[in-house]
Novice: 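Quick one: the structure is below, and I'll ask about it shortly.
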Amino acid sequence: MYIKELFKNKTVFSFEVFPPKKTSPVEVIYDTLEELQGLSPDFISVTFGAGGSGNSRYALEIASKINESGIIPMLHLPCINFTKAEIDAALDEAKSRGIENILALRGDINPEIEPVNDFRYASDLISYIKTKGDFDIAAACYPECHPDAENLVEDITNLRKKVDAGADHLITQLFFDNDNFYSFREKAAIAGINVPIEAGIMPVVNKKQIERMVTTCGASLPAKFVRIMTKYEHNPEALRDAGIAYAVNQIIDLVASGVDGIHLYTMNNPYVARKISEAVSGVIGV
């Protein structure tokens, strides 16, 4: 089933998982998948290794495992470090495994790896996938501006190119201030971007982890969020519970404000995903 069809009738609720390290067997994630699938998300997305990494193969296997369970899988597909032939091979294998939903990404630029540049931008990849068969295509967006864009106007202009190229719906990078999302959503609408936008929510369970991630993606940390991390950073259980509560409050406010969907960055943590799913089931219809 194409994910774009889900947005017609409900607030979509989905998860993201990532493959294990290439030094670990793929089976280590199967117990996690089983628990997440039991929460009945609308779909589960699987991150795809960057060029030259060993876990790209795992991503296809995990997506297939999700598909076998009856949950819709969505495969991330970055392009900056992959050749056209490698993209072709990934798409052909996805199709052969019944995977028909793709999140098309440029991918992170690694200063130690020379970009292949067969596809320089996500919009190039989206246009290409459109020529390769019937795939549902999602794209990424950044409520607080892509780190490589000069400003939000340039970023939304580039986002419009992704939609014009054929992106069927969008998933945001993580954010912690809903007002930033609402402002972004309004600007996107003014720019003529009228596809569904899922809000990416990251529950905080580790202070150092989230500080590292926001440095990479450019998300800001509201004062109340910083107070939570500072107060509970040396109490892992309290920080986990506070992070879950913060994410739940974000989701409830987003749903009340008509968000198209919630994409939960689970960090492969089924306990956190379960607690959030249970807390929002009444408002989101999980």
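Heavy atoms only: backbone and side chains are in, while hydrogens, waters and symmetry mates are out. All residue numbers in this chain count up from 1 along the given sequence.
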Novice: What do you reckon, is CG of Asp134 surrounded by more than 12 foreign heavy atoms closer than 6.0 Å?
Specialist: no
Novice: Within a strict 4.5 Å, meaning less than it, do heavy atoms of the Ser96 and Glu93 side chains meet?
Specialist: yes
Novice: What is the minimum heavy-atom distance between Asn81 and Glu114, and which atoms define it?
Specialist: OD1-O, 4.1 Å
Novice: Considering residues, nucleotides and ligands other than Lys132, do more than 12 of their heavy atoms fall under 6.0 Å from its NZ?
Specialist: yes
Novice: Which of these passes side-chain contact (heavy atoms from CB on, under 4.5 Å) with Ile276: Thr266, Ile284, Ile262, Leu264?
Specialist: Leu264
Novice: Do Met74 and Ile72 come close enough that some side-chain heavy atom pair is under 4.5 Å?
Specialist: no
Novice: With side chains defined as the heavy atoms from C-beta onward, is the minimum distance between Glu198 and Asp42 less than 4.5 Å?
Specialist: no
Novice: Looking only at heavy atoms, what is the nearest atom pair of Ala219 and Glu144, with distance?
Specialist: CA-OE2, 3.5 Å
Novice: Is there a side-chain contact between Phe43 and His263 in this structure, where contact means two heavy atoms from C-beta onward sitting under 4.5 Å apart?
Specialist: yes
Novice: With a 6.0 Å cut-off (strictly less than), is the heavy-atom count around CD of Glu154, excluding the residue itself, greater than 12?
Specialist: yes
Novice: Cluster question for you: counting only ILVMFWY and a side-chain heavy-atom cut-off of under 4.5 Å, with indirect links fine, are Phe175 and Leu221 together?
Specialist: no
Novice: Using every non-hydrogen atom in the two residues, find where Gly166 and Lys130 come nearest and quote the distance to one decimal.
Specialist: O-CE, 3.1 Å
Novice: Indicate the atoms forming the closest heavy-atom contact of Pro41 with Leu36, along with that distance.
Specialist: CD-O, 3.3 Å
Novice: If we check side-chain contact (heavy atoms from CB on, under 4.5 Å) with Pro19, which of these qualifies: Thr47, Val26, Asn268?
Specialist: Thr47
Novice: State, yes or no, whether a side-chain contact exists between Asp260 and His169 at a heavy-atom distance under 4.5 Å.
Specialist: no
Novice: Determine whether Leu6 and Met1 make a side-chain contact, defined as any pair of heavy atoms from C-beta on separated by less than 4.5 Å.
Specialist: yes
Novice: Angle between ring planes, Phe225 versus Tyr246, binned at 30° and 60°: parallel, tilted or perpendicular?
Specialist: perpendicular
Novice: Using every non-hydrogen atom in the two residues, find where Leu77 and Ala90 come nearest and quote the distance to one decimal.
Specialist: CD1-CB, 3.9 Å
Novice: Can you confirm whether more than 12 heavy atoms, excluding those of Phe7, are under 6.0 Å from its CZ atom?
Specialist: yes
Novice: Just how far is it from atom SG of Cys141 to atom CG of Leu170, taken to the nearest 0.5 Å?
Specialist: 4.5 Å
Novice: Rounded to the nearest 0.5 Å, how far apart are CD1 of Ile71 and OG of Ser14?
Specialist: 11.0 Å
Novice: Count the heavy atoms belonging to other residues, nucleotides or ligands that lie under 6.0 Å from CD of Glu5, then report whether that count exceeds 12.
Specialist: yes
Novice: Could you check if a side-chain atom of Leu105 sits within less than 4.5 angstrom of a side-chain atom of Leu125, using non-hydrogen atoms only?
Specialist: no
Novice: Indicate if Tyr58 and Val28 have the same hydrophobic cluster label, given that clusters are the connected sets of ILVMFWY residues with side-chain heavy-atom separations under 4.5 angstrom.
Specialist: no
Novice: Do Met202 and Ile228 land in one hydrophobic cluster if side-chain heavy atoms of ILVMFWY residues count as linked below 4.5 Å?
Specialist: yes
Novice: Can you measure from CG (Leu39) to NZ (Lys275) and round to the nearest 0.5 angstrom?
Specialist: 11.5 Å
Novice: With a 3.5 Å cut-off and no angle check, do the side chains of Tyr142 and Asn180 form a donor-acceptor pair?
Specialist: no
Novice: Does anything in residues 182-195 pair up under side chain to side chain donor-acceptor pair (under 3.5 Å), and if so which pairs, sequence neighbours excluded?
Specialist: Tyr182-Asp253, Tyr182-Ser257, Ser183-Lys187
Novice: Looking at CG of Leu33 and CD of Glu35, how far apart are the two atoms once the value is rounded to the nearest 0.5 Å?
Specialist: 10.0 Å
Novice: With rounding to the nearest 0.5 Å, note down the distance linking OG in Ser64 to CD1 in Ile99.
Specialist: 4.0 Å
Novice: Closest approach of Ile80 and Arg120, non-hydrogen atoms and distance?
Specialist: CD1-O, 3.7 Å
Novice: CG/Asn117 to CG/Asp124 distance, rounded to the nearest 0.5 angstrom?
Specialist: 9.5 Å
Novice: Going only through I, L, V, M, F, W and Y residues with side-chain contacts under 4.5 Å, is there a path from Val205 to Phe15?
Specialist: yes
Novice: Which word best sums up how the rings of Phe181 and Phe184 line up, parallel for under 30°, tilted for 30 to 60°, or perpendicular for over 60°?
Specialist: tilted
Novice: Taking the side chain as every heavy atom from C-beta outward, state whether Lys4 and Pro196 have any pair of such atoms under 4.5 Å apart.
Specialist: no
